[in-house]
Student: 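The structure's right below; bear with me while I get my questions together.
When a ligand or atom number is given, it counts from 1 through the structure's own listing order. All values reported here derive from a predicted model rather than from experimental measurement.
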Amino acid sequence: MTPVDFNYLRDMLKQRSGLVLAEEKQYLLESRLMPVAREQNMESLSELVAALQKPDGESLRKTVTQAMTINESFFYRDKTPFENFRNIMIPAMLATPRAASRTLRIWCAAASTGQEPYSLAIEIKEMAAQLGNWNIEIVATDLSEEVLEKAKAGLYSQFEVQRGLPIQLMVKYFQQTGSLWQIDSSIRSMVSYKHFNLLDDYARLGTFDIIFCRNVLIYFDPPTKTDMLARMAQRLRPDGYLVLGAAETVIGISEEFKPVTDARGLYAMQVAAAAAAAPVRATPSASARPAPSVSGLGTTPAKPATPAAAGLGAVTATPAAPAVSGVGTPTVSGITKLA
Ligand SMILES: C[S@@+](CC[C@H](N)C(=O)[O-])C[C@H]1O[C@@H](n2cnc3c(N)ncnc32)[C@H](O)[C@@H]1O
């Protein structure tokens, strides 16, 4: 590959996905993009770069950008974030005005093939005693439409279900179909998938109580990380939580977040950022469409705290719906397109 071709690809990827590609990573371009070139009946990356630069090359530019994403994920990855979810985040949420509205919105900002949002959905199901009649929405977004298709199908290989997932949860929530394992529809319906680029405007996603943004910031440069974290702070409730990957931090990157003591990877808002954030309401915001409930949890729902709350928690077996009313267009596959 010529230096000119390398520079073109590096700049295009940075601009379209935020990915920063160091010169020594040239081999990654070759290994990931040669198959794309061959699919297009091209024999070299130079030929591919020439096609990318054509005015009608948008679809190819998209394919190349998606081919360069790193989609590694597995169930209960790193364990601690899910322990923190169960032992810190959910108890904190239960002790706030949310207990009256019984609504919770969670954003998995780089959901990849779905193991992260499904691990959270399983955790929520397993906490049926406390969350039985809450309306909990998990919005899972990713830049790659290909991984979202796989996530939505909820079909995993034997290797993927054995990787990180406790065996009793696998038996409880997966069915074998041929050589694959499919996650239960009751878990799938708790997650709504959306095609979304983290470089885009977050406002259209609405406001969240918890944001999981794990193992994606590592691919961006410091100004991009700073910008994304500042914009995430604007989408988080003042007492909300941000969860980052094991190799990621807010330190030196964000003025809006601070680490939660003794909770690896967990961040809360700094006082000033919290003061500027959307307040926690006892009732859902008027702009938000009713979220799907955590339906079919299999236990008797707890008694509603107030008569008003009773109306909110009573929905059952509702399929996953887009987070914000009128946002995005549902595609044939059911993945709402925002980008
Ligand atoms: C390594 S995976 C992380 C998956 C999961 N969060 C985990 O920790 O297991 C990173 C994901 O980020 C997505 N991604 C990369 N750049 C993105 C962007 N600009 N906007 C949205 N998603 C992006 C990739 O497509 C990929 O699926």
Side-chain angles (χ1 to χ4, degrees), residues 9-21 25 28 32 36 61-85 106-123 138-154 156 159-161 163-165 183 191 193-202 204-205 208 210-221 223-229 231-232 235 241-249 264-267 328 335-339:
L9 286 168
R10 184 197 55 201
D11 294 349
M12 188 198 87
L13 292 167
K14 169 82 168 55
Q15 194 213 338
R16 294 182 70 98
S17 72
L19 175 70
V20 172
L21 207 62
K25 293 277 168 71
L28 252 186
R32 289 183 165 239
V36 178
R61 288 191 282 275
K62 202 167 154 188
T63 304
V64 163
T65 306
Q66 295 191 13
M68 288 305 297
T69 57
I70 313 279
N71 310 121
E72 162 91 348
S73 192
F74 47 92
F75 290 100
Y76 287 87
R77 184 175 189 174
D78 302 335
K79 276 194 187 150
T80 309
F82 302 95
E83 287 166 7
N84 289 341
F85 181 73
I106 301 167
W107 179 20
C108 281
S112 189
T113 36
Q115 288 93 330
E116 181 175 275
Y118 287 144
S119 299
L120 290 172
I122 290 173
E123 276 305 294
I138 303 172
V139 178
T141 63
D142 203 281
L143 176 69
S144 164
E145 287 165 291
E146 201 179 320
V147 295
L148 289 172
E149 289 296 338
K150 175 171 161 93
K152 196 154 192 301
Y156 299 95
F159 172 71
E160 287 169 321
V161 284
R163 200 174 167 207
L165 188 68
I183 197 158
V191 182
Y193 288 100
K194 296 176 185 1
H195 180 222
F196 183 74
N197 190 337
L198 286 168
L199 296 179
D200 290 346
D201 181 9
Y202 302 168
R204 52 198 166 141
L205 294 175
F208 296 93
I210 296 170
I211 300 177
F212 270 64
C213 181
R214 300 170 64 226
N215 303 304
V216 66
L217 292 181
I218 36 170
Y219 301 111
F220 305 143
D221 63 13
T224 306
K225 291 181 205 191
T226 298
D227 171 61
M228 284 181 181
L229 290 174
R231 293 188 297 119
M232 279 183 195
R235 304 320 320 153
Y241 289 102
L242 170 72
V243 184
L244 298 183
E248 295 158 334
T249 180
R264 193 160 49 84
L266 186 60
Y267 302 88
I335 294 168
T336 303
K337 258 179 125 55
L338 288 164

Student: For ligand 1, which atoms, with element, lie under 4.0 Å from some heavy atom of Phe196?
Tutor: 20 (N), 21 (C)
Student: Just by distance, with hydrogens left out, do Glu149 and Tyr193 show a side-chain donor and acceptor under 3.5 Å apart?
Tutor: no
Student: To the nearest 0.5 Å, what is the distance between CZ on Phe212 and CZ on Phe85?
Tutor: 6.5 Å
Student: What I want to find out is whether Asp78 reaches Arg214 closely enough, with some N-O distance under 4.0 Å, to be called a salt bridge.
Tutor: yes
Student: To check your reading of the model: name the closest protein heavy atom to atom 7 (C) of ligand 1, its residue, and the distance in Å.
Tutor: Arg77 NH1, 3.3 Å
Student: Under 3.5 Å between some N or O of ligand 1 and some N or O of Leu199?
Tutor: no
Student: Among side-chain atoms of Thr69 and Asn71, is any donor-acceptor pair under 3.5 angstrom?
Tutor: yes
Student: Does any N/O atom on Tyr219 come nearer than 3.5 Å to any N/O atom on ligand 1?
Tutor: no
Student: Would you mind checking which non-hydrogen protein atom is closest to atom 9 (O) of ligand 1, with the distance to 0.1 Å?
Tutor: Ser73 OG, 2.7 Å
Student: Looking only at heavy atoms of Ser17, does any of them come nearer than 4.0 Å to an atom of ligand 1?
Tutor: yes
Student: At what distance is the nearest protein heavy atom to atom 26 (C) of ligand 1, and which residue and atom is it?
Tutor: Ile70 O, 3.2 Å
Student: On a heavy-atom basis, which atom in Lys225 and which in Leu217 lie closest, and how many Å separate them?
Tutor: CE-O, 3.2 Å
Student: Which one of Val147, Asn197, Thr224 has a non-hydrogen atom at the shortest distance from atom 18 (C) of ligand 1?
Tutor: Asn197
Student: With a distance cut-off below 6.0 Å to the six-membered ring centre and an angular limit of 45° from the axis, does Arg235 pair with Tyr202 as a cation-pi contact?
Tutor: no
Student: Counting from 1, what ligand 1 atoms have a heavy atom of Glu116 closer than 4.0 Å?
Tutor: 5 (C), 6 (N), 7 (C), 8 (O)
Student: Among all protein non-hydrogen atoms, which one is nearest to atom 11 (C) of ligand 1, and what is the separation to 0.1 Å?
Tutor: Asp142 OD2, 3.6 Å
Student: Step through the shown structure and confirm whether more than 12 heavy atoms of other residues, nucleotides or ligands are within 6.0 Å of CZ on Arg32.
Tutor: yes
Student: Look at atom 8 (O) of ligand 1 and say which protein heavy atom is nearest, naming residue and atom and giving the distance to 0.1 Å.
Tutor: Asn215 ND2, 2.7 Å
Student: What is the closest protein heavy atom to atom 4 (C) of ligand 1, and at what distance does it sit?
Tutor: Ala110 O, 3.2 Å
Student: Of Ile218, Thr224, Asp221, Leu13, which is the lone residue that meets side-chain contact (heavy atoms from CB on, under 4.5 Å) with Val20?
Tutor: Asp221
Student: Where is the nearest protein heavy atom to atom 23 (C) of ligand 1: which residue, which atom, and how far?
Tutor: Leu143 CB, 3.6 Å
Student: Pair Ile70, Leu19 - check side chain to side chain contact (heavy atoms under 4.5 Å, CB included), show working.
Tutor: CA-CA 10 Å; Ile70 313 279; Leu19 175 70; 5.8 Å; no
Student: Among all protein heavy atoms, pick the one closest to atom 14 (N) of ligand 1 and tell me residue, atom and distance.
Tutor: Val216 CG2, 3.7 Å
Student: Report the C-alpha distance between Glu145 and Lys62 in whole Å, list the side-chain angles of each, state the deciding distance to 0.1 Å, and finish with yes or no for salt bridge (charged side-chain N to carboxylate O under 4.0 Å, His left out).
Tutor: CA-CA 10 Å; Glu145 287 165 291; Lys62 202 167 154 188; 3.2 Å; yes
Student: Ignoring hydrogens, just give me the one of Arg214, Met68, Gln66 whose non-hydrogen atom is nearest atom 3 (C) of ligand 1.
Tutor: Arg214
Student: At less than 4.0 angstrom from any non-hydrogen atom of Ser112, what atoms of ligand 1 do you find?
Tutor: 4 (C), 27 (O)
